[in-house]
Amino acid sequence: VLDAVGGIRSVRDQVLDDVELAWRVTDAGFRMTFTSGRRLVRTRMYRSLGECWRGWAKNLYPLCCRAGDSLMAISGRTLTLDVLPAVALLALGTGFLLLGTPETLMTATVCTSWLAGRMLWIGHCWQSQGFPARHAWSAPLTGLLLITLLWYSFYRHMVLGKVEWKDREYRLAEPSPQGSALRRDFT
């Protein structure tokens, strides 16, 4: 399989070398699957919060673009499904405590039901991939973090045209005033 796609050397100049290799394998018609290897091997991808932030800033925007999702679609979907219902619930809960109206209670109940259902679904999805479902309660916070990191990744890639990783700076392309400079491998 590696020989058919040019081997590891063919992706050595890519910022996302592992992902680019996977895309080349599937583009060549081979099948791949993504699954948890938790029971097979253990590793630490990042050693600090800063390293985690830089690593995902390097990866997140190009991964989302290659997958066909747009920055606005991901942001809008995450805000609508995960963040805004939690904010609304907090506001309505506070409003009910202050005002005590049946309308605020009813709307807070709807928001609570939505969030509970959404978190159960997220937990189920995570569990089906071999990850713990118990962290699904954090979906509103992680959704906000995802949006922030995705926009930061967009800024690094599209506006600055460079990312940092492991004390190195990678130039991606000449940034344009419109922020539209993407190399072929990130489209």
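Values below: all heavy atoms of this structure, side chains included; hydrogens, waters and symmetry mates excluded.
At distances below 3.5 Å, at least one donor-acceptor pair connects side-chain atoms of Thr26 with backbone N or O atoms of Trp23. Judged by distance alone, the side chain of Arg24 and the main-chain N or O of Ser10 form a donor-acceptor pair under 3.5 Å. Not a single donor-acceptor pair under 3.5 Å links the side chain of His157 to the backbone N or O of Lys162. A side-chain donor-acceptor contact under 3.5 Å links Thr107 to the backbone of Glu103. When atom types are taken as modelled, the side chain of Arg12 and the backbone of Arg9 share a donor-acceptor pair closer than 3.5 angstrom. In this structure, the side chain of Thr78 does not engage the main chain of Ser75 through any donor-acceptor pair within 3.5 Å. Remark: the backbone N or O of Ala73 is paired with a side-chain donor or acceptor of Ser70 at under 3.5 angstrom.
Asp82 has its side chain within reach of Ile122: a pair of non-hydrogen atoms, C-beta onward, lies under 4.5 Å apart. Contact check for Leu81 versus Trp114: side-chain heavy atoms found under the 4.5 Å cut-off. In this structure the side chain of Leu63 reaches within 4.5 angstrom of the side chain of Val19, judged on heavy atoms. The closest side-chain heavy-atom distance from Val11 to Val5 is not below 4.5 Å. Side-chain contact between Pro140 and Pro85 is absent, with no heavy-atom pair separated by less than 4.5 Å. Inter-residue side-chain proximity for Leu105 and Thr109 is flagged as met; some heavy-atom pair is nearer than 4.5 Å. With a 4.5 Å cut-off on side-chain heavy atoms, Leu2 and Leu21 count as touching.
Residues Phe30 and Ile8 are members of one and the same hydrophobic cluster, defined by side-chain heavy-atom contacts under 4.5 angstrom among Ile, Leu, Val, Met, Phe, Trp and Tyr. Linking Ile, Leu, Val, Met, Phe, Trp and Tyr residues whenever their side-chain heavy atoms come within less than 4.5 Å places Tyr152 and Leu16 in a single cluster. At a threshold of 4.5 Å between side-chain heavy atoms, the hydrophobic network of Ile, Leu, Val, Met, Phe, Trp and Tyr places Leu146 and Met119 in two separate groups. The same ILVMFWY cluster, assembled from side-chain heavy atoms under 4.5 Å apart, contains both Tyr61 and Met72. When the side chains of ILVMFWY residues are joined at heavy-atom separations under 4.5 Å, either directly or via intervening members, Leu120 and Leu115 end up in two distinct hydrophobic clusters.
Here Leu79 contributes atom CG and Leu84 contributes atom CG; the two are 5.0 Å apart, rounded to the nearest 0.5 Å. In this structure, the separation between CG on Leu60 and CG on Leu71 is 9.5 Å, given to the nearest 0.5 Å.
Here the closest non-hydrogen pair linking Pro62 and Asn59 is CD-O, 3.3 Å. Here the closest heavy-atom approach between residue Arg134 and residue Trp137 is recorded as O-CD1, 2.9 Å.
Heavy-atom neighbours of Phe131 CZ from other residues, nucleotides or ligands within 6.0 Å: above the threshold of 12. Counting heavy-atom neighbours within 6.0 Å of His135 NE2, excluding the residue itself, gives a total above 12. The neighbour count for Leu90 CG, taken as heavy atoms of other residues, nucleotides or ligands under 6.0 Å away, is above 12.
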Report all side-chain donor-acceptor pairs from residues 44-57 shorter than 3.5 Å, counting only partners two or more places apart or in another chain.
residue : atom : partner : partner atom : Å
Ser48   : OG   : Glu51   : N            : 3.1
Glu51   : OE2  : Arg47   : N            : 3.1
Arg54   : NH1  : Gly50   : O            : 3.3

